[in-house]
Each structure stands twice: as C-alpha cells, then as structure tokens.
Amino acid sequence: MGKNIMTLSVAHLGPPGTYAEQATIFYVKWLSHSSGLEASLRPYSSIAQSLQALAQGETQLAVVPVENSIEGSVTMTMDTMWQLDSLQIQSALILPIAHALISCADSLDGIKTVYSHPQALAQCQGWLRAFLPNVQLIPSNSTTEALEKLEYDLSIGAIASSRAAELYNLPILASRINDYAENCTRFWVISQAESDITHQLPLQKLTHTSIAFSVPANVPGALLKTLQVFAHLDINLSRIESRPTKRSLGEYLFFIDLEADVNTPQMKSALLELTTYTEVLKIFGSYSVLSANDQ
C-alpha cells in the first residue's frame with residue numbers, strides 16, 4: 001500500500017497574487033522537494049487573521065512578512081506575534097520584490113487613484129511623486145485587494161506584482177516601479193510551538209533566533225543591560241526594533257534577531273541572564289533562512 005502523505009494547510013495574506021502567496025508557494029515547493037510533504041494554501045484578508053487562524057488551529061502553518069529592505073519592519077506581524085502565545089518560527093524566507101502599476105487606463109494621465117498595501121505604496125513613493133504626483137493614494141489590506149475593481153473603473157490603478165497582473169488578466173502600465181532595485185522582503189514561516197507538525201518539517205541548520213521582551217521600567221540603562229548580555233557572550237545581533245507596549249507613552253517592547261541557535265551554550269546562558277533584566281521575555285524560535293532570489 002502507498003504511504004499516506006499529510007497535506008498541511010498554510011495561512012497567508014490574500015487574495016491570490018500577493019507577495020505573501022508567492023513566498024508561500026516558494027516554501028511549499030521547497031517543503032515538497034525536501035520532505036515530500038504536501039500543502040494547501042489558505043488566504044486570509046489580513047496578516048493578523050493569518051496568525052490568528054494558526055493560533056486557533058485552523059491551519060498548521062502561516063507565512064507572514066516581517067521586514068522589507070526599504071520600509072523596515074511590518075508592524076502588524078510584530079504586534080500580533082507579541083499578543084499571541086505559543087507561536088514558533090520554523091524558517092525565514094527572502095523574496096525579491098518588483099512592483100508594477102496595473103491599470104486598465106490607456107495611459108498614466110488617466111489615473112486618478114492608486115490602491116495598494118501601505119508597504120508597497122511607501123516602496124514606490126519616489127516613482128509616484130515623479131510620474132503620478134496628483135493621484136490619490138489609498139492603502140488597502142493587500143497589494144491585490146483592489147485588482148477586481150480595475151476593469152470597472154479606468155481611472156484607478158493598483159501596485160502589485162507582474163504575477164498578479166497575469167493571474168487577474170490585467171494590463172501593466174509600468175514595471176519595476178519600486179524606488180530601489182534591490183527590494184526584498186523577509187517572511188517568517190510560523191507554526192504552533194507544541195504542534196506535532198514541527199517534528200515532520202525538514203531538519204535545517206539553525207542560524208538565527210528571534211526574541212522579544214519588555215523591561216520592568218523606563219530607567220537609564222534598561223536596554224543597555226540587555227544588549228550587554230549578548231555582547232559579552234559574542235552573540236551578534238542582526239536586527240533590533242522597538243514597538244510601543246500600548247500601555248503608556250514612552251514604554252516599549254524590543255524585538256531582536258540574533259545570529260545564533262537557541263540551543264547553543266552561549267545562547268542558553270544569554271537567555272538565562274536576560275530574564276534578570278526583562279519583565280516579559282518571548283523566544284519565537286530558531287530557524288534557517290531560505291532565499292528565493294534564484295527562483
């Protein structure tokens with residue numbers, strides 16, 4: 001008899017054609033090639049909903065954007081990861097981003113309004129100022145949310161991928177409009193921490209660890225003491241970011257990416273010492289980084 005292959009469900013930001021879906025497809029192909037696991041894609045209307053679906057057991061994995069090389073961190077991902085317990089990062093994915101202006105208008109002169117995700121609008125702000133200085137920019141939940149409107153209104157455009165234009169059979173008025181050519185976004189592949197699926201995923205060399213913490217009080221040296229823990233143990237930080245606690249003005253959470261495996265003696269020692277300086281410490285997990293640049 002043939003071996004039964006489990007099909008995983010993977011949450012991501014939809015509708016179809018988003019960069020999150022593209023990253024998810026890349027991961028699913030890698031997963032199938034590496035382990036034979038199959039997966040089905042489950043689009044959700046926001047990043048938060050993707051992570052909440054995972055936390056509630058609706059899906060086994062979620063792929064969410066965490067950082068863009070131009071616009072920095074994706075705050076919805078960071079805030080939701082802090083709010084939800086028992087989520088664990090399994091992998092990081094690096095996806096190149098190339099934006100296109102999609103519209104049924106005959107020319108740029110006919111466009112009055114442009115829709116896209118706030119990150120995409122920000123990544124193209126220079127091009128928009130130069131070529132569409134008078135258009136109204138309207139943020140949407142995703143790069144593809146507004147695409148179905150285009151054929152009914154020739155005065156609107158949307159910023160999304162060329163792949164999205166193909167999926168929706170829509171014309172591209174301008175390609176590669178992001179202000180910086182080397183534009184890429186880092187995504188996290190996330191599971192529930194205690195899920196059985198974590199034992200079925202392919203083994204990888206763990207090269208990075210992500211954590212977040214709050215400090216007991218906004219006093220001089222509170223952050224410095226936590227950073228010195230890693231400096232003394234020669235653990236390199238690849239990212240540090242602050243987010244408001246939402247409790248009081250001037251109170252912050254700190255998100256840190258470290259170039260080390262959480263299971264090493266240095267990291268175990270560092271995290272143990274870190275608990276003496278932090279109010280709440282969350283370890284999101286150790287993982288490897290996969291790149292889609294060559295795909």
Side-chain angles (χ1 to χ4, degrees), residues 13 46-48 50-52 54-55 62-94 118-119 122-123 184-193 206-289:
L13 176 64
S46 73
I47 295 169
S50 298
L51 290 171
Q52 287 161 358
L54 172 64
V63 175
V64 292
V66 64
E67 182 183 21
N68 177 261
S69 59
I70 297 175
E71 283 302 303
S73 296
V74 180
T75 56
M76 184 180 288
T77 295
M78 296 166 63
D79 289 347
T80 309
M81 285 290 290
W82 178 263
Q83 293 160 5
L84 297 175
D85 291 323
S86 302
L87 297 184
Q88 179 177 330
I89 303 168
Q90 296 295 334
S91 294
L93 314 172
I94 307 296
Q119 282 263 341
Q123 292 162 28
C184 60
T185 295
R186 181 162 58 102
F187 292 81
W188 279 340
V189 180
I190 299 171
S191 71
Q192 290 194 44
L206 307 180
T207 58
H208 291 70
T209 298
S210 292
I211 66 172
F213 58 83
S214 59
V215 291
N218 185 17
V219 297
L223 178 60
L224 176 62
K225 290 177 182 177
T226 62
L227 298 182
Q228 284 178 333
V229 170
F230 300 110
H232 292 159
L233 290 167
D234 200 30
I235 298 172
N236 190 48
L237 279 63
S238 58
R239 180 180 72 117
I240 180 169
E241 189 91 17
S242 64
R243 291 289 298 149
T245 63
K246 300 176 174 56
R247 295 181 307 196
S248 177
L249 189 64
E251 287 188 7
Y252 295 94
L253 313 170
F254 298 96
F255 291 75
I256 294 180
D257 291 345
L258 306 150
E259 294 181 353
D261 178 356
V262 73
N263 299 305
T264 63
Q266 293 96 323
M267 276 292 289
K268 288 182 178 180
S269 177
L271 294 173
L272 181 62
E273 186 179 353
L274 196 63
T275 59
T276 64
Y277 301 119
T278 57
E279 178 187 44
V280 177
L281 171 63
K282 292 194 174 187
I283 303 169
F284 295 135
S286 292
Y287 51 91
S288 65
V289 180

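Only a predicted model underlies this, so the values are computations on that prediction, with no experimental measurement involved.
Side-chain contact check for L227 versus I256: some heavy-atom pair is nearer than 4.5 Å. No side-chain heavy atom of R243 sits under 4.5 Å from any side-chain heavy atom of S73. The shortest distance between side-chain heavy atoms of L206 and V262 does not fall below 4.5 Å. Looking at Q52 and L84, their side chains come closer than 4.5 Å, going by heavy atoms from C-beta outward. In this structure the side chain of T226 reaches within 4.5 angstrom of the side chain of L274, judged on heavy atoms. At least one side-chain heavy atom of I211 sits less than 4.5 Å from a side-chain heavy atom of L281. In this structure, F284 and I190 have side chains that are not in contact, with every pair of non-hydrogen atoms separated by 4.5 Å or more.
Nearest heavy atoms, V74 versus P65: CB-O, 3.6 Å. In terms of heavy atoms, M76 sits closest to S46 at SD-CB, 4.5 Å. Of all heavy-atom pairs spanning A270 and V229, the tightest one is O-CG1, 3.4 Å. The heavy-atom pair separating A62 from L51 by the smallest distance is CB-CD2, 4.3 Å. Taking each heavy atom of S191 and Q90 in turn, the nearest pair found is OG-NE2, 2.8 Å.
Within the model, atoms NE2 of H232 and OG of S269 stand 12.0 Å from one another, a figure rounded to the nearest 0.5 Å. For the atom pair R186 CZ and E67 CD, the distance stands at 4.5 Å (nearest 0.5 Å). The CG atom of L253 sits 7.5 Å away from the CZ atom of R247 when rounded to the nearest 0.5 Å. With rounding to the nearest 0.5 angstrom, the CD1 atom of I47 is 4.0 Å from the OG1 atom of T77. Atom CZ in R239 sits 10.5 Å away from atom CG in L237 (nearest 0.5 Å). The distance from atom CG of L93 to atom OG of S288, rounded to the nearest 0.5 Å, is 9.0 Å.
Classification of the Y287-H208 ring pair by plane angle, with boundaries at 30° and 60°, yields parallel. Using cut-offs of 30° and 60° on the angle between ring planes, the pair F213 and F254 is tilted.
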Steps toward side chain to side chain contact (heavy atoms under 4.5 Å, CB included) verdict (D79, K246): CA-CA 10 Å; D79 289 347; K246 300 176 174 56; 3.1 Å; yes
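Side chains of E259 and S238: no donor on one and acceptor on the other come within 3.5 Å.
Judged purely by atom type and a 3.5 angstrom limit, S86 has no side-chain atom pairing as donor or acceptor with the backbone of Q192. Between the side chain of T209 and the backbone N or O of A260 there is at least one donor-acceptor pair closer than 3.5 Å. Side chain of D257 to backbone of I240: no donor-acceptor contact under 3.5 angstrom is found. Side-chain N or O atoms of S91 include none that pairs as donor or acceptor with a backbone N or O of V189 at under 3.5 Å.
Around atom NZ of K282, more than 12 heavy atoms belonging to other residues, nucleotides or ligands sit under 6.0 Å away. The environment of D234 atom CG is sparse: at most 12 non-hydrogen atoms of other residues, nucleotides or ligands sit within 6.0 angstrom.
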